[in-house]
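Convention: sequence-line order gives letters A, B, ...; per-chain numbering from 1. All values derive from a computational prediction rather than experimental measurement.
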2 protein chains.
Amino acid sequence: MQANITEILRKHQLSITEARKKILSLFWETGNAMAHGDIEQKSSADFDRVTIYRTLQTFVEKGIIHTIPTADNSVRYALCKDECAAGHHHDDHVHFICDDCGITYCIDEVSVPKVKLPKGFKAAQTDLVISGTCNKCDL
Amino acid sequence: MQANITEILRKHQLSITEARKKILSLFWETGNAMAHGDIEQKSSADFDRVTIYRTLQTFVEKGIIHTIPTADNSVRYALCKDECAAGHHHDDHVHFICDDCGITYCIDEVSVPKVKLPKGFKAAQTDLVISGTCNKCDL
DNA sequence: TACAACAATGCAACTTTGTTGCAAAATATT
DNA sequence: AATATTTTGCAACAAAGTTGCATTGTTGTA
């Protein structure tokens, strides 16, 4: 696994540093999407706040992670699929945010349906974000 | 139009104040969605920052406006349709954010398709946000 | 392995964004 | 018109995000 992480960094032509290895491994461990705040809490002792900001930024640029829009002013980040290349992302799956526990899931089983837009509108990215109750919080 | 605005406020059992009239009229004038920052720029001379925060909050609660999630940490607000009642919104239309000019459109013509979720997941709200180039910025 | 070139990090200072409590002002109710 | 209620502005604060620069760490090459 550790070897896997350095391999990902190398594949994207990034220097192998402690911060990047740690933050990237956090994504693998949790499995779900994380907001900046989550990452800061889980690694604030190890790294400076600024480093986390910059690391997330480069990860997004390189196509390692992608952003998930939310309605509460806290953008979340999640691992991209292999197909994601630098510049243009291909994360056309649904994201689910639980109102109870706050966990953000990538629902890989469902893909985002194509939408016909009015004339002149050209879609670059489509985000389908559903909020509600997840299967753990469902009573 | 001015009469129209006070009528909306009254319909939702809100006191008629300068701040609320002004902010609500801004939404009608621009026609598109606005982020908090936009509103602050267009009325900062008239009102305190805090008032804008609180006004937007009450408008959302009363179902006059709804939030549009974005991937850049700046939630946008747009007018609701008449059907929107306090508590639960019915804005099942698509939102389009132009990467060029930044304008956020409500694409009323297209409605959000229903999505089947895995077992145990219950959807409360569904947001379909598309980013790309709008018909004004399209060369 | 050691060295130079380059990139990433930490620190500090700062800007922006959002929140809370309370007194003053505006609005609504009678 | 007078009182009760709501809303606003102010101040102070907390949180989130940014920038420049010196220091440290990483990479590629001899």
Side-chain angles (χ1 to χ4, degrees), chain A residues 2-3 5-26 33-62 64-65 67-77 86 102 104, chain B residues 2-3 5-26 33-62 64-65 67-77 86 102 104:
Chain A
Q2 192 71 350
I5 284 171
T6 59
E7 193 180 333
I8 292 174
L9 290 173
R10 193 171 292 123
K11 192 186 296 177
H12 290 277
Q13 298 162 341
L14 288 173
S15 317
I16 316 293
T17 70
E18 286 304 310
R20 288 176 179 164
K21 280 193 288 185
K22 172 75 185 216
I23 291 175
L24 191 47
S25 66
L26 272 180
M34 290 188 291
H36 174 94
D38 300 328
I39 300 165
E40 198 171 325
Q41 282 187 338
K42 294 184 182 178
S43 63
S44 62
D46 305 333
F47 310 109
D48 194 78
R49 256 164 19 91
V50 181
T51 301
I52 301 175
Y53 280 108
R54 292 197 265 229
T55 302
L56 289 175
Q57 197 175 306
T58 52
F59 280 3
V60 170
E61 287 168 2
K62 290 291 183 175
I64 299 175
I65 60 176
T67 58
I68 304 167
T70 64
D72 66 339
N73 266 325
S74 71
V75 173
R76 272 150 233 217
Y77 302 87
T104 302
Chain B
Q2 192 73 350
I5 284 170
T6 58
E7 194 180 330
I8 292 174
L9 290 174
R10 192 170 293 122
K11 191 185 299 176
H12 291 276
Q13 298 164 338
L14 288 174
S15 318
I16 317 295
T17 70
E18 286 305 311
R20 287 176 180 164
K21 281 195 287 185
K22 172 75 186 217
I23 292 175
L24 190 47
S25 67
L26 273 179
M34 291 188 291
H36 174 92
D38 301 328
I39 300 164
E40 198 170 327
Q41 281 187 337
K42 294 183 181 178
S43 63
S44 62
D46 306 332
F47 310 109
D48 195 77
R49 260 165 16 88
V50 181
T51 301
I52 301 174
Y53 279 108
R54 293 195 265 226
T55 302
L56 289 176
Q57 197 174 310
T58 52
F59 280 3
V60 171
E61 287 168 1
K62 290 290 183 177
I64 299 175
I65 59 176
T67 58
I68 305 166
T70 64
D72 66 340
N73 266 327
S74 70
V75 172
R76 272 150 234 216
Y77 301 87
T104 301

Whole-Å distance separating the CG atom of D48(B) from the P atom of dT6(D):
21 Å
What is the distance from CD1 of I52(A) to P of dA8(C), rounded to the nearest Å?
17 Å
What N/O pairs connect the protein and nucleotides 12-21 of chain D at under 3.5 Å? Give each pair on its own line.
residue : atom : partner : partner atom : Å
dG17(D) : OP1  : N73(B)  : ND2          : 2.7
dG17(D) : OP2  : Y53(A)  : OH           : 3.0
dG17(D) : N7   : R49(A)  : NH1          : 3.2
dG17(D) : N7   : R49(A)  : NH2          : 3.1
dG17(D) : O6   : R49(A)  : NH2          : 3.1

Expressed in angstrom and rounded to an integer, what is the separation of K22(A) atom NZ from dT9(C) atom P?
14 Å
Mind checking D72(A) for me? I need base, sugar-phosphate or nothing, with any heavy atom below 4.0 Å counting as a touch.
nothing
Among all residues two or more places apart in sequence or in another chain, which pass the salt bridge (Lys or Arg N to Asp or Glu O under 4.0 Å) test with E18(A)?
K21(A)
Check the distance between dT26(D)'s C1' and L9(A)'s CG and give it to me in whole angstrom.
13 Å
List the residues meeting side-chain hydrogen bond (donor to acceptor under 3.5 Å, both in side chains) with Q41(A), not counting sequence neighbours, and say none if there are none.
none
According to side chain to side chain donor-acceptor pair (under 3.5 Å), does anything in residues 43-54 of chain B pair up with another residue at least two apart or in another chain? List the pairs.
K22(B)-D46(B)
Write down the atom of I5(B), the atom of S25(B), and the distance for their closest heavy-atom approach.
CD1-CB, 3.3 Å
Atom pairs, protein N/O to nucleotides 26-30 of chain C N/O, distance under 3.5 Å:
residue : atom : partner : partner atom : Å
dA28(C) : OP1  : I16(B)  : N            : 2.7

Looking only at non-hydrogen atoms, find the nearest pair between A71(A) and P69(B) and report the distance.
N-CB, 3.6 Å
Contact summary for I52(B) and E40(B), nearest pair of heavy atoms:
CD1-CA, 3.8 Å
Would you mind reporting whether M34(B) and K42(B) have side-chain heavy atoms less than 4.5 Å apart?
yes
Taking all heavy atoms of I68(B) and all of A33(B), pick out the closest pair and write down the distance.
CD1-CB, 3.6 Å
Terminal helix-axis angle for the helix from dT1(C)-dA30(D) to dT30(C)-dA1(D), with five pairs defining each axis and rounding to 10 degrees
40°
Run the side-chain hydrogen bond (donor to acceptor under 3.5 Å, both in side chains) test against T70(B) and tell me which residues pass, sequence neighbours left out.
D72(B)
Kindly write out the residues that satisfy side-chain hydrogen bond (donor to acceptor under 3.5 Å, both in side chains) with R20(B), not counting sequence neighbours, or none if the list is empty.
none
Value in whole Å for how far the P atom of dA25(C) lies from CZ of F47(B)
17 Å
Nearest-Å distance for atom pair CG/P, residues L56(B) and dT8(D)
11 Å
From CZ of R20(A) over to P of dG10(C), roughly how many Å is that when rounded to an integer?
12 Å
side-chain hydrogen bond (donor to acceptor under 3.5 Å, both in side chains) against T55(A), all qualifying residues, sequence neighbours excluded
none
